[in-house]
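First comes the structure, then the notes that go with it.
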2 protein chains.
Amino acid sequence: MQNECADCVCVLRSSVNMKDCQLEMLGGNHAVVKFKKGDSIIKQGVFSTNVIFLRKGMAKIHISGPSREQIVKLVKAPTYLGLPTTFGDKINQYSVTSVIDSEVCFIDLEVFKKLLGENKDFGSYILMELCKSEMEAYRRCASRTQKQMRGNLADVLLEFSEKLFEEDEFTLPLSQSDIGNWVDAGRESINRTLSEFIQDGIIQMQGRQIKIIDKKMLKMISQNG
Amino acid sequence: MQNECADCVCVLRSSVNMKDCQLEMLGGNHAVVKFKKGDSIIKQGVFSTNVIFLRKGMAKIHISGPSREQIVKLVKAPTYLGLPTTFGDKINQYSVTSVIDSEVCFIDLEVFKKLLGENKDFGSYILMELCKSEMEAYRRCASRTQKQMRGNLADVLLEFSEKLFEEDEFTLPLSQSDIGNWVDAGRESINRTLSEFIQDGIIQMQGRQIKIIDKKMLKMISQNG
DNA sequence: AGAAATATGTGACATTTATCACAAAATAAG
DNA sequence: CTTATTTTGTGATAAATGTCACATATTTCT
């Protein structure tokens, strides 16, 4: 377990200057846990006593809306998970579920807070992260509501290929209903639109394996869709 | 100007312990400015060099989406304005416009950052604020997309009466098109739905003066609409 | 391997809400 | 005070997507 921590800390070190004693403090107060695809990492409504760092894998963040569960974001390692819900409230305000096999590091909340106070760099790094994700949330929301199906689905495919997998060929980590849920569309509509994209020669698809053929067209659709 | 600052600081003091020297530092590095209804306080795309505190009034936060400007939030004094956009980037990522006559305090960004580093309480207070607003953004977005017109409009009216004005009778600070923009609906739909609410005896309305008659019904509509 | 549960493909149809088109009011501007 | 400009009210129509209903794969579980 001790060696796994070194990697974990490594990520922190890369973005922030941290003293050795602070690293030790972190190292001594954490636990690494593996989650399989579909496992719940954070559950809305239960107590949170740990800061959670996603070391490997990918996870969806979802929140219970008025009529159904809504996916708000998809994140990949390495990243902190649920900072806003951990700090903002004792009780988790949203859920996080792994979408592929993942590895997570639990860090004691008090230790983390202490670190935040002691290390200015670290504090402003975390502050920055929060700012960015809030801005991101606003942008996303505006984009989602102003575009329609084709545009939103194009966005999702582009996000997979450019942000999450960084390849033009990848395996969808979400079901079509999840994608629908994410972009506020019915599962059937997603299916039909995917078929359209295949028909138009924009993507190829077998099972959940997707290959983007015409990225320019996808970007066009993303913009004026 | 110096006396106006005392009030401003007062708000900070109420939530955070702050040393006198820190208060002085703040006091010496700020400027109070008045904005009239409709004036732009923060403009997306321009440099930001100040932390902005809304002392009096109310403002809308809006961001340019793919096809139009989108209102994402309405805030009332006292509150910081645009923290995420000020910290996250040198360039403002969204705009803020006053919707009623307002008073704003500009605080030098470097001074504010210094304070953040020196005063742990203040730092964690700001951190907390950011967490809350991020959570709020997620909730809002899920709610907006899952409800339809009636539900969203009911939410808006309830927010006005319970959060922003804290009265059952108030003057709408936004035009019907702005409200539509805010809840992702056309101006005409808002108008028609308002008429329905009046017809059903849920609200009374003359000009922009609104009086909520049947709050229970409004809450019902908010839930299952 | 076989059964049960999920996930996908596809048609027909209903519904909500956007859009267009004007008229009337209300506000702001000169 | 008169003229512009912005808001508001209301009908008719169209377009996008949700919903329902099955058939067929595909995955998961025992």
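Fair warning: this is a prediction, and the values are worked out from it, not measured in the lab. Throughout, a chain's letter reflects where its sequence line sits, starting with A, and its residues are numbered from 1.
Separating the CD atom of A:E196 from the P atom of D:dT17 is a distance of 10 Å, rounded to the nearest angstrom. Regarding B:I210, its CD1 atom lies at a distance of 13 Å from the C1' atom of D:dT8, rounded to whole Å. As rounded to whole Å, 7 Å separates atom C1' of D:dT7 from atom CZ of B:R208. In this structure, CZ of A:R150 is placed 15 Å from C1' of D:dA15, rounded to the nearest angstrom. Between the P atom of D:dG18 and the CG atom of A:D184 lies a distance of 9 Å, rounded to the nearest Å. For B:Q199 and D:dG9, the CD to P distance is 13 Å, given to the nearest whole Å. The distance from atom CD of A:E188 to atom P of D:dA16 is 18 Å, rounded to the nearest whole Å. Atoms CG (A:N181) and C1' (C:dT6) sit 16 Å apart, rounded to a whole Å.
Distances from the side chain of B:Q148 to the nucleotides C:dA7, C:dA18, C:dT16 place C:dT16 closest. Distances were taken from every side-chain heavy atom of A:K37 (C-beta onward) to each of D:dT28, D:dT7, C:dT10; the shortest belongs to D:dT28. With D:dT8, C:dT10, C:dA7 as the choices, the nucleotide that has an atom nearest any side-chain atom of B:N191 turns out to be D:dT8.
A salt bridge links A:R140 with A:E159: the closest approach of a Lys/Arg side-chain nitrogen to an acidic carboxylate oxygen falls below 4.0 angstrom.
Place A:S177 and B:R192 on DNA chain C by their nearest nucleotides, and A:S177 ends up nearer the 5' end.
For C:dT17, neither phosphate oxygen OP1 nor OP2 lies less than 4.0 angstrom from any side-chain nitrogen or oxygen of B:S189. The side chain of B:Q176 contributes an N or O atom lying less than 4.0 Å from OP1 or OP2 of D:dG9. Considering only side-chain N and O atoms, A:R187 lies nowhere under 4.0 angstrom from the phosphate OP1 or OP2 of C:dT6.
Side chain of A:T145 to backbone of A:C141: a donor-acceptor contact under 3.5 angstrom is found.
Within a 6.0 Å sphere centred on CE of A:M220, other residues, nucleotides and ligands contribute 12 heavy atoms or fewer.
Looking only at atom types and distance, the side chain of B:Q176 has a donor-acceptor partner in the side chain of B:N191 under 3.5 Å away.
Centroid-to-centroid, the aromatic rings of A:Y80 and A:F112 come within less than 6.0 Å.
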